[in-house]
Amino acid sequence: MIDLETFRADAQAWLATMVPEFGRDARRGISDEADLALGRRYMAAKYEAGFGGIHMAEEFGGRGLSGLHKIAFDSEEMELGFPSGYFGISLGMPIPIIMKFCEDKAWVRERVIAALKGEEIWCQLFSEPAGGSDLAGLRMKAEQDGNGWKLNGQKLWTSHAHIADYGIIVARSDPTVPKHKGLTCFWIDMHGEGVTAKPFELLDREVVCNEVFFDDVKLTDGQRIGPVGGGFGVAMATLMIERYVAGDADGFGPTIEFFMDTARDMDLGGRPAIEDGRIRSAIARNFALRNGLKSIRDRAFLMMEAGMEPGPEGSLSKLLSVRSRQKLSELAIDLKGGDGLAYDRDAFSKEDWVASWLSVPTGRIAGGADEMLLNTIAERILGLPQDHRPDKGVPFNQIPA
Amino acid sequence: MIDLETFRADAQAWLATMVPEFGRDARRGISDEADLALGRRYMAAKYEAGFGGIHMAEEFGGRGLSGLHKIAFDSEEMELGFPSGYFGISLGMPIPIIMKFCEDKAWVRERVIAALKGEEIWCQLFSEPAGGSDLAGLRMKAEQDGNGWKLNGQKLWTSHAHIADYGIIVARSDPTVPKHKGLTCFWIDMHGEGVTAKPFELLDREVVCNEVFFDDVKLTDGQRIGPVGGGFGVAMATLMIERYVAGDADGFGPTIEFFMDTARDMDLGGRPAIEDGRIRSAIARNFALRNGLKSIRDRAFLMMEAGMEPGPEGSLSKLLSVRSRQKLSELAIDLKGGDGLAYDRDAFSKEDWVASWLSVPTGRIAGGADEMLLNTIAERILGLPQDHRPDKGVPFNQIPA
Amino acid sequence: MTILYDEAQLSIASESRRVLDAQYDLERLLDLVDVTGQYDERIWQTAVEQGWTALSVPEQYGGLGLGLIEMGLIAVSLGAVTAGAPFLTGNDAFVQLLLAGIDEAAREAWLPRIAAGEAIGVAALGEGTSPLPPVPAVTFSNGKLSGAKAAVAGALQADAGIVWASSGGSPVLALVELDDTMRRTVDSFDNARLYAALAFDGAPAKVLLEGDAARAAARHALARMAVVSAHEQTGGAQQAMVIARDYALERKAFGQPIAAFQSIKHRIAEIYGLVELARANCIDAAASEGKADFVLKACAVRLTASEAYDTAARDAVQIHGGIGVTWQLGLHLHMRRARSLSAELGSPLFWEDLLVSELEGVGA
Amino acid sequence: MTILYDEAQLSIASESRRVLDAQYDLERLLDLVDVTGQYDERIWQTAVEQGWTALSVPEQYGGLGLGLIEMGLIAVSLGAVTAGAPFLTGNDAFVQLLLAGIDEAAREAWLPRIAAGEAIGVAALGEGTSPLPPVPAVTFSNGKLSGAKAAVAGALQADAGIVWASSGGSPVLALVELDDTMRRTVDSFDNARLYAALAFDGAPAKVLLEGDAARAAARHALARMAVVSAHEQTGGAQQAMVIARDYALERKAFGQPIAAFQSIKHRIAEIYGLVELARANCIDAAASEGKADFVLKACAVRLTASEAYDTAARDAVQIHGGIGVTWQLGLHLHMRRARSLSAELGSPLFWEDLLVSELEGVGA
C-alpha cells in the first residue's frame, strides 16, 4: 500500500491542478445550479484521477487504501473550498449502508460508482419535526401494503433532499411497541410518486436543508434495509460509520494564524491589538485547545494504523472546537469595530469572521447538539446514568404528545 | 423614626469606638474560647448601646426601627471584623421562629433578650447526612412518647451546635406519608440528656459545623413548634425570614479596590499588572457585576421603604458574587506568584486572597448550593418545570435508600 | 434621580412596548436583513407619532424635555422587537451635542425638526476600531471637514451629523449636513442598522465646540449612546430569554418538555441573572447622568448589557435546536442585533479599559 | 518520539500508580498541610527505590537515561495521589541544567548522588511574580551569589540549587550548595511543597553557563518543569474527576443519584474534556523535547493542565456539597495542590504571553 506521506504529496499535487477550475475563486458569485454542476464535474475528475473511492475496493473503482489515506485526502481538500459538500453525506452514510445491508450487489455497485462520480446523490431521512435529538421518537408511518409498504408523514432537516436521487429513510412500522423497537429502515427513490422535497433557508441564507413530505409512497419489500423492527439499529450503524472522519481542530473556522493576522491589523488603544493581554490570552487558549485536539486526532490515527481501537476522546473535537470558534468569531468582529460590521455573502467560513460566526449555530446543532454530545460523553464514556426519560419502555402510541 | 442616614452615622460613630476592644486586630491569635468570650462582651455592649435589637419591639430592649436600619448597621459592622459571627444564625432564624410560633411569651422574651445580649446562643438543626439540599428527605425520628416526644438520629452541618444552648430541630414524625408531609418541628435544650454535639473542621480548619447525635432525647409536647406534620412549612418560613438580609456584592471577599491594589503592586512582563488587558478585564467585569448587584439591593431597599415587595432578582446576589469571587481569588494568588503561596491563618477573607479563596467553597454550598439556587430561580421565577423526582408523592418509608 | 421608576416612567415602558408589539412584523424585518438602505419606516413613523423623537429635546425647542431614564425605557422596547429603525441612539446623541455646543442658531435650526421627526441626526465619533479616537484622523480646517468615519448606524438616512475631528492639534465637534456623496454604504449582516461610512472631502461644517469642552462633550455623548444602546441590548436579551423559555416549555424530547433538563433549565436561569444585572446597571447608569461617575456607570452597563444580549441570543438559538437556525423563525435577528450593537459602539475591550481608567481617575 | 506510549512506558504508568496507591495515606497528607518543613518521606523513599530519581540521569552517571515521557508518566501518578514529596520537578530541572552546563566535575559530583536519592537539587529561577525574569535581581560576582529568590518548591530540604542570576549585565546559571542560613521558610496553604525563599548573602557558587547559553538552558529547564508539572496537574485533575464521578453515582438526592442531574452530569463531562485535552497536550509536549517548538508546546500544556486541574478540583468540591468542604474528606488537598502548582511556576498570564511570543517567533 502506498505510504501515507507519498499519498498525501500526490493528493496535494493533483488538488493544486484543480484549483483554477474548482477552487474558491472559481465559485464566487455563481448560481447554486452552476455550483452543483461544477461539483459534479469535480467529482467525476476526482474519480478519474483515482481519488474518488480511496478506501473502497477496486470493483467500485476504488484503490483499496486505508481510512487514513482517505482522511489525509479530505483534510487537504477541505482547505481549498472545492464544491464537494453536496456529496459528503451521500458518500459518508447512505452509500456505506447500502454496501453493508443490500443484497442486490450489482445494483449496489452501479449506485456506488454513480455516487462516487457525482452523477447520483443520496440523502438520509432521519430527523422529523417532533424529534431531532430524540431519533427514536419519530412518527413517519410505514404500513404493510400488499407485499410491500406504504409511507406517510414528514421528515425535516434532510440535507440536500432537493437535489437527491435516492434516500435512506427510517419509519415507524409498529407503534404498539416501545419507541426504539418499532422502527424499520428503507431505501427510496427521491423522484418517486408522492415524495416532495421543500428546501428552506438557514439563518445565513444557505439552502441545504429540506422538509420532505411523503404521501402514500409505495415501496417494495426489497427496499427494506435490515429486519422489520430493526431500523433503530441500522440508523445507529449509519451514525457510527463515520465516527472517525476527519475532524477539524479549527472547528471549521479560521485558523489561529488568521486570528493573529486580524489582531495584528487592529488598533487597540493606540497599539496593535495583538500586544494586548486579552488578545494574547485568546490566541494562547485557542492554540492550546486546538493543539490538544490535533494531538488526540493524531494519536487516533496512529492507533488505527497500528490496528488498535482509538480512545473515546475523539468525540470531544466537534463539541470543543465549534463552541470555542463561536466566541473567537464574536471577539474578532467586535475587535474590528466598524469594519467588523461588513458582510460578504460569498465569503468562506474559514477565511472570514462574519461568515464563520453565522455558520457556528448550525455547526453546534448538526451532527449532535452540544447537550446531546455531553450526554453521550457522560453516559458512554464516564458511565453516568441516563437522564430521566418518561417515555422509556412505554408503547409509542401511549406516549403523551 | 430616626432617618436612615442619621442612624447610619450614629452607628458608624459607635462602631468606631468599639474597634480597639473588638476589632480585627484585637482578635488576632487569640484562642477560640477567648474569641467567643470577646464576642459575648461585644453583644452585651451592643445591646447596651441600643444596637442589639434594632428592628425589634421595645419590650425586647429593641428600638422598633425598620429592617433597613438593621441592614444599614450590619453592613457597617461587617467591614470591621467584629466577633459577631457566633450570633448571626441564632438571631437570624431560631429567634424569629420562636417569636412567631411559641405561645409562652414570657419565656420567649427571656430567650430573646438573652440571645441579643450574647448570653445564650441558638442553633438550627435541619441538615442531615442523607440530605442537605433535599431538606424533606431527612431521617431524624420523632416518636410519640407518653404526652411528649422522643428523638433519635443524627443531624449534620449544624453551625455552632457545640456552643449553643438551644436549637430548633425538624424531625420525621410520620414515615408513612410522602416526605414533605411527615415532618414536625421542635425547640430543644442543647445541654439536655442524650444530645451530643461533635464539632468538626472545614477545609480551612475553621470549627463551626457539628455532627449532632440524638439518643432517646425526651421532649414535652410544649416544645413542639407548629402543628404535627407541619414541620416542612415551619422550616421554609425560617429560611424565608432572612431573605432580605444584607447581601454583599463583594461576595464576602475583598473589594475591587483591594484587587486593584494587588494588581498595582505586581509586575507582569516588566509592567504593573494593572496595565495588562486581562487584569483590566477582570477589574471591569467584577466592577460591573458588583455594581449591578448593588443596584439590585438598593432598589429592593427603596421598594421596601415604599412599602412594596422587592423583585425576585435579589436571589442572584449570593450565587453570582461568591462564584465570581472564587475565580478572582485564584487569579490574584497566581498573579502574586511566589508571594501568593504564603498563608496567614489569622487573615480575614475580605483582606487576604488565600483566606478568601479557602473560604469560597463553603460559601458556594452554605445557604443553598449554586445548583439549588439555579433551580429555585428557574422554577420560582421563570416557571420552568421541577426536575424529575422519583420520590415525589411516595411514602417516605418506601423510597429506596 | 432615583433608581425606582415612577408611575409615568412605568407607563412609558408598557405603552411603548404595547405599541411596538402591535406593529411587529417579522417578515418585514427579515426583508430588511439583506438589502441596504432600507429601514422600517412604519416603526419610525410610530416613534415620531409617539413623541419619542421629541423625548430628550428641551421644551423650548419643541420637545418634551425628558431625561435618559425615559429614553432608556423606549430603547428597551425597541430592543425587544429588534426594531428596524436605528435612529434613536444617534438622534439622541445629536441632540445632546447640539445642547452642549455654543451654537444657538444650530439648535434653533435643528432641534425642532428633530423633535418633530422631520430630520434625523447622528453623532460620528468613531474611526477604525475606536469609538472615540483620542486624536481623530478626520480634520477640520477653514470651515471644511476631510477624512473618513467608520460605519455609523443610521447614517445612510440621516440629514446631519456631528463629527469628532482634529483642528490644528486640538479636537473639535463640527456640525455637517450630510449628502449622498459623503455616504458609503456598508453592506452588513444587519442592514436595518443603515450603516454608512462617512467620507468628507472638504465638506462645509460648523464648529460647535473645541478643545477640552469638545472632548468632554464627546465623552459624554459616547457614554450616553452606550447607555441608550445598553437599554436596547437589555430589551433584546430579555426578549430572547422569554422566547427561549417559552420554547423550552413547549418543545418535548424524550417524553418531557426540554425545560425539565437542567442543561436547558439552568442555562435560562443564568441568562436571567445576566438580564437582571444588565437591567440593574441600566437603571443605575441612567440615574447617574450629571454625576461625576456617569462615564464609569456607562462602562459598567455597556459591558453587562453586551454580555447579556450575546449570551441570551447565542443560547436562545442553541436551546431551539434545529428550528433555531432557520431563516424563517427569525431568531437570528436577535443574534445579528446582539452582534451589531456590540460592534458598532466599540468592543468590550475598549469599554473595559475605559472603566478601569475611570476607576483609576484617569479618564479616556 | 511518538505520541503513542510503548509497552515499557505503559508499564511505568501502571506500576507507579500501583505502588503509590498502595502507600496512600490520607491522614499523613492532612498532617503535612499545616506544618512547615515536613514531607512524606515514605513516598520519597519509594521514589528512590523505584528508580524515579535516576530516571532522567544519563547512564554514565548512574542513572537510567530515560526521557521526558517516562518522567511525565511518573508525575501523572504522583499528581493523582497529591504526593507529599515535592522533589520530582526540581530534581529533574537540576539534572537538566547540570547536563547543559560546562562543568563536568559538578556533574560527576552531583548526578550519581541525585540518581541514588542521596541528594536533592532544585532550580531557582523565579523572582517576584516572574518564573524567569529577563534580568534577574540575584547577582553573581567574584564567585559569590547575593540576593533573594521567590518561593522554590522543595527548597526547604534540597541540598543544592542552580540559580538564575545576573553577572555584570549578562545572565548566568550558578550552582550553589544550600545551607540553612539561606532558606527562609514560606508557611503556605500547601506546606508539603516545602517552599522556601532563598536568600543569598555572598554564598559561594560555581558558574555552569553564562550569556545566551545560560538563557537558552534556563528557558529549556523552565519549559521542562512546566511539562513535568503539567503531567502532575493532569494526574490530579483526572483523579479529582474520578472522585467526583464516583461520589455522584453513589450520593442520592430527591430519590436518584445526583449524577442523573445534568448540572452534575454535564459538568463532569466538561471536566473529562479538559482532562483529555491536558493529557493530549502532555503527550505532545513530552514528545516534542529537542524540537524547535518545545517551549511552545510546554506553554500549551501548562495552560490546559492548569485549567483542567483548577476546574476539576473546584468542581469536585462543589459536586460533593457539604461533605466536600470538610477537612477530613481531604478533597481540599486537590484544591490546594491545583493552586500551588499553578502559582509556583508562574501565572497563566505569563504562559499565555510566552506562548504567543513563541508563535510570533520572538521567544521569552
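In this text, all values refer to a predicted model and were calculated from it rather than measured experimentally. Numbered from 1 within each chain, the chains take letters A, B, ... in sequence-line order. These numbers come from the heavy atoms of this one structure, side chains and all, not from hydrogens, waters or symmetry mates.
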Inset, instruction - Write down the atom of C:Phe189, the atom of A:Tyr343, and the distance for their closest heavy-atom approach. - result: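 So the two residues come closest at N-CB, 3.5 Å.
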Answer whether the closest heavy-atom distance between the side chains of [X] and [Y] falls below 4.5 Å.
{"X": "A:Glu371", "Y": "C:Phe261", "answer": "no"}
{"X": "C:Val317", "Y": "A:Arg364", "answer": "no"}
{"X": "A:Phe200", "Y": "C:Thr326", "answer": "yes"}
{"X": "A:Asp276", "Y": "C:Leu349", "answer": "yes"}
{"X": "A:Trp157", "Y": "C:Ile323", "answer": "yes"}
{"X": "A:Glu206", "Y": "C:Trp327", "answer": "no"}
{"X": "C:Gln318", "Y": "A:Pro361", "answer": "no"}
{"X": "A:Lys179", "Y": "C:Phe254", "answer": "yes"}

Inset, instruction - Assess whether atom CZ of A:Arg323 is packed by more than 12 heavy atoms of other residues, nucleotides or ligands within 6.0 Å. - result: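 Yes, CZ of A:Arg323 has more than 12 neighbouring heavy atoms, counting only those of other groups under 6.0 Å.
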Which one of [options] has the most heavy-atom pairs closer than 4.5 Å to chain A?
{"options": "C:Ser130, C:Gly321, C:Gly324, C:Ala150", "value": "C:Gly321"}
{"options": "C:Asp310, C:Val186, C:Asp34, C:Asn191", "value": "C:Asp34"}
{"options": "C:Pro134, C:Ala151, C:Ala197, C:Ala343", "value": "C:Ala343"}
{"options": "C:Ser342, C:Ser263, C:Gly346", "value": "C:Ser342"}
{"options": "C:Lys149, C:Arg193, C:Arg336, C:Gln328", "value": "C:Arg336"}

Inset, instruction - Would you please name every residue forming a ring pair (Phe, Tyr, Trp, His ring centres under 6.0 Å) with C:Phe200, sequence neighbours left out? - result: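 With sequence neighbours excluded, C:Phe200 shows a ring pair (Phe, Tyr, Trp, His ring centres under 6.0 Å) to no residue whatsoever.
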Inset, instruction - Considering only NZ, NE, NH1 and NH2 on the basic side and carboxylate oxygens on the acidic side, decide whether C:Arg339 and A:Asp334 come within less than 4.0 Å. - result: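 Salt bridge present between C:Arg339 and A:Asp334.
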Legend entry - Lys/Arg N to Asp/Glu carboxylate O, A:Arg278 vs C:Asp353, below 4.0 Å: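 Judged by the 4.0 Å cut-off on N to carboxylate O distance, A:Arg278 and C:Asp353 do form a salt bridge.
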Inset, instruction - Return each pair, listed once, that meets salt bridge (charged side-chain N to carboxylate O under 4.0 Å, His left out) where at least one residue sits in residues 253-266 of chain C; pairs must be two or more places apart or across chains. - result: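 Those involving residues 253-266 of chain C are B:Glu379-C:Lys265, B:Asp387-C:Lys265.
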Inset, instruction - Calculate, to the nearest 0.5 Å, the distance between atoms CE and OG belonging to A:Met266 and C:Ser347 respectively. - result: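 Result: 11.0 Å between the selected atoms.
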Legend entry - Atom pair CG/NE2 of A:Leu358 and C:His332 - distance to nearest 0.5 Å: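 That separation rounds to 9.5 Å.
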Inset, instruction - Output the option from A:Ile279, A:Asp339, A:Leu156, A:Val354 having the highest count of non-hydrogen pairs under 4.5 Å with chain C. - result: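 If we count pairs closer than 4.5 Å to chain C, A:Val354 comes out on top.
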Legend entry - Check: A:Leu341 main-chain N/O paired with C:Ser188 side-chain donor or acceptor under 3.5 Å: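 Yes; judged by distance alone, with no hydrogens or angles, the pair exists.
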Legend entry - Heavy-atom contact with chain A under 4.5 Å, split by part of C:Val152: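 For C:Val152, there is no contact with chain A at all, as no heavy atom is under 4.5 Å.
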